[in-house]
Amino acid sequence: MAEFSWESALSDLERRRAMARELGGKRRIGRQHDQGRRTIRERIERSTSSFHEVGEFAVFEERSATGELIGKLPSSYVCGLAQFAGRTVALGGEDFTVRAGAPQSYLDRLKGGFGGFVEDLAHEYRIPLIMYMEGIGGDVAAQADKGHTYLASSMSLQRSYGLLSEVPVLTMVSGAAAGATAGRTVLSHFSVMTKDSVFFAGGPPLVKRALGKDLTKEELGGAQIHTRMSGAIDNLAEDEDDAIAQMQTVLSYLPQNVWELPPRGDRSDPVDRRAEELLKIIPENPRRPYKVQKMVEAVVDQGSFFPVGSGWGRSVLTGYARMDGIPVGVVASNPMHLGGALDAAAAEKQIRFVDICSTFHLPIVYFVDVPGFMVGPNAEQGNVIRWGMRAIQSMLEAEVPVVTIHVRKAYGMAVSATANPDSLCLRLAWPSAEWGDLPVEGGVAAAFAREIAAADDPDEYRRTIEDRMYAIADPWSTVEAFGVENMIDPRETREIVSAFINASVGLLETKRGPQNRQWSIRP
């Protein structure tokens, strides 16, 4: 046995530590920098105030295509315990300079691959999970590592799915995320993607071989596709610094885990501040749209609104905010897109957001201006009815207080997706509100088509019916019948909503822990 000395032992440790920091080597790191991206270690250093790595010295044997040993490389995955935005988190990510971020199969458990150490750390310690995603998900070289082919198994994702009901999971894509890496990205509560990144189940070579289509990476899965068309990624970022800042902001609204409440923020904005600007933001002409985000920002704590998924499912706006410092989820109909009608994309977006708010004990504030489910061939082909009914179910299942503000329109089944009047919901209305089974104009034409057509003066007869229906549809009739909880001056909204949100804190204390859903699946 060789004689031990501290000098040689510590020298060997530093040599190995230096090797771990070389990752895929200077040439590959240089190429990463030339493309405007950082290595995983640089991302961690940039975004954390402290980082205690696990598995720092894990390596794998690098072999040629014919199986000849070339040398050793550090693992493609780096993970550990970190301080991120002032919070203790589990953090990990692939490094593209090491075999394009593909996981080495025999290192998965140790170095935080799918279902690996970093996810176990988040689960056992009940702390948020932050993941930097840049990798090809897997490659044929992994088969050579094992010495045999293998079946992809969902067993490796069980922890990933389980974490969604336990702790906040936030992911960032910078570079390329393909296959299993892309799949793991969407198993999160918030995802963000830099504008020059790509994201897909299979890259252009696979698409060309399978479908004969020759596409660029951007045409197949560019950032604009997934933040504006598919909705697979929540937010778009200018660069990595912007993406990290967005993740830090989102985490500030969420608790460490479902057994805790979200942290209360700054309370310097007076709860009795009257939002005089609302009378200008909401036009007196009910046919004119308005900028919904300005309306939301007038009510919530100043500077606290953070939109999520604003590029996709645009007939609803979703995002986080604070009311008297208490984190809340905001959902608002957007009359600037489809007149605020709820289509399948908007319903899907709303479902996921409501589920996240319910999971992490954030009260929901819903601003309603919805003419109903979207109609027409595109809406039907998009399965608007099924997604719409799922949106209603998500609201019925929500285990948090819901404050609903009826701004203008509230028609048809879509209204059921804006409140749960049989549970913790408070429904408030502004004097600009209107509601019913259908809007009067279109509803009269549909319900009395034969009578109108048979009249001596169809136009006059239709107007007579409309006048009668408008009288019945007077929102004050509903208020007087206690069909909604109260009619309020819009400028009082902030004070009233803040009062009820503050009162709900004791209730939320009793709701801590995993959700107790009535149904296990959505229709």
Side-chain angles (χ1 to χ4, degrees), residues 24-25 27-40 62-66 76 93-105 114 131-145 149-152 157 171-188 191-240 242-243 309 311-314 343-345 348 377-378 381-383:
R27 181 180 63 82
R28 291 171 181 164
I29 291 175
R31 186 168 59 189
Q32 186 84 342
H33 291 167
D34 290 343
Q35 294 173 346
R37 290 189 285 276
R38 303 186 179 106
T39 66
I40 181 59
E62 185 180 24
R63 295 183 178 273
S64 69
T66 57
S76 63
E94 300 105 335
D95 190 82
F96 205 78
T97 71
V98 182
R99 207 159 77 180
Q104 289 76 58
S105 58
F114 309 109
M131 302 184 78
Y132 296 135
M133 315 302 292
E134 185 185 15
I136 59 176
D139 65 358
V140 293
Q143 299 175 177
D145 293 341
T149 58
Y150 53 90
L151 292 168
L157 291 172
T171 57
M172 177 188 88
V173 173
S174 179
T181 299
R184 182 62 189 87
T185 299
V186 301
L187 295 181
S188 61
S191 58
V192 60
M193 181 176 186
T194 59
K195 66 180 184 181
D196 58 348
S197 297
V198 292
F199 174 95
F200 30 60
L206 283 176
V207 172
K208 186 172 184 179
R209 183 177 180 85
L211 303 176
K213 294 185 177 182
D214 197 358
L215 301 171
T216 67
K217 291 185 292 184
E218 289 71 24
E219 289 171 335
L220 179 61
Q224 293 294 326
I225 289 174
H226 289 299
T227 58
R228 295 187 179 277
M229 298 175 67
S230 76
I233 301 294
D234 291 312
N235 280 20
L236 183 68
E238 280 294 312
D239 52 30
E240 290 188 9
D242 180 25
W312 177 74
R314 292 186 295 133
D343 65 352
E348 182 182 356
N378 290 338
Q381 291 167 23
N383 204 0

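Here the structure is a predicted model, which means the values were calculated and not measured.
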Rounded distance (nearest 0.5 Å) linking atom CZ of Arg228 with atom CZ of Arg314: 7.0 Å

Over all atoms of both residues, closest heavy-atom pair of Asp196 and Arg37: OD2-NH1, 4.0 Å

Heavy-atom closest pair, residues Ala223 and Leu236: CB-CD1, 3.5 Å

Atom pair NE2/CG of His226 and Leu220 - distance to nearest 0.5 Å: 7.0 Å

Inter-residue atom distance Met131.CE - Arg184.CZ, 0.5 Å rounding: 4.5 Å

Sidechain-backbone polar pair: Asp234 side chain, Ser191 backbone, donor-acceptor under 3.5 Å: yes

Sidechain-backbone polar pair: Thr181 side chain, Ala177 backbone, donor-acceptor under 3.5 Å: no

Contact summary for Thr216 and Pro204, nearest pair of heavy atoms: C-CG, 4.0 Å

CD on Glu219 to CD on Gln224, rounded to 0.5 Å: 14.0 Å

Arg31: side-chain contact (heavy atoms from CB on, under 4.5 Å) partners, not counting sequence neighbours: Arg27, Arg28, Gln35

Nearest non-hydrogen partners of Arg38 and His33, listed with the distance: CA-CD2, 4.5 Å

Side chain Glu134, main chain Glu94, donor-acceptor under 3.5 Å: no

Shortest non-hydrogen contact between Lys208 and Asp214, atoms and distance: NZ-OD2, 3.9 Å

Residue pair Phe199, Thr227: steps toward the side chain to side chain contact (heavy atoms under 4.5 Å, CB included) verdict: CA-CA 11 Å; Phe199 174 95; Thr227 58; over 6 Å; no

With Lys217 via salt bridge (Lys or Arg N to Asp or Glu O under 4.0 Å) - residues at least two apart: none

Verdict with reasoning, Glu238 to Lys195, per side chain to side chain contact (heavy atoms under 4.5 Å, CB included): CA-CA 6 Å; Glu238 280 294 312; Lys195 66 180 184 181; 2.9 Å; yes

Where Thr194 and Ala243 come nearest, the two heavy atoms and their spacing: CG2-CB, 4.3 Å

For Asp239, side-chain contact (heavy atoms from CB on, under 4.5 Å) partners two or more places apart: Asp241, Asp242

Distance in Å, Ser197 OG paired with Met133 CE, rounded so as to fall on 0.5 Å steps: 12.5 Å

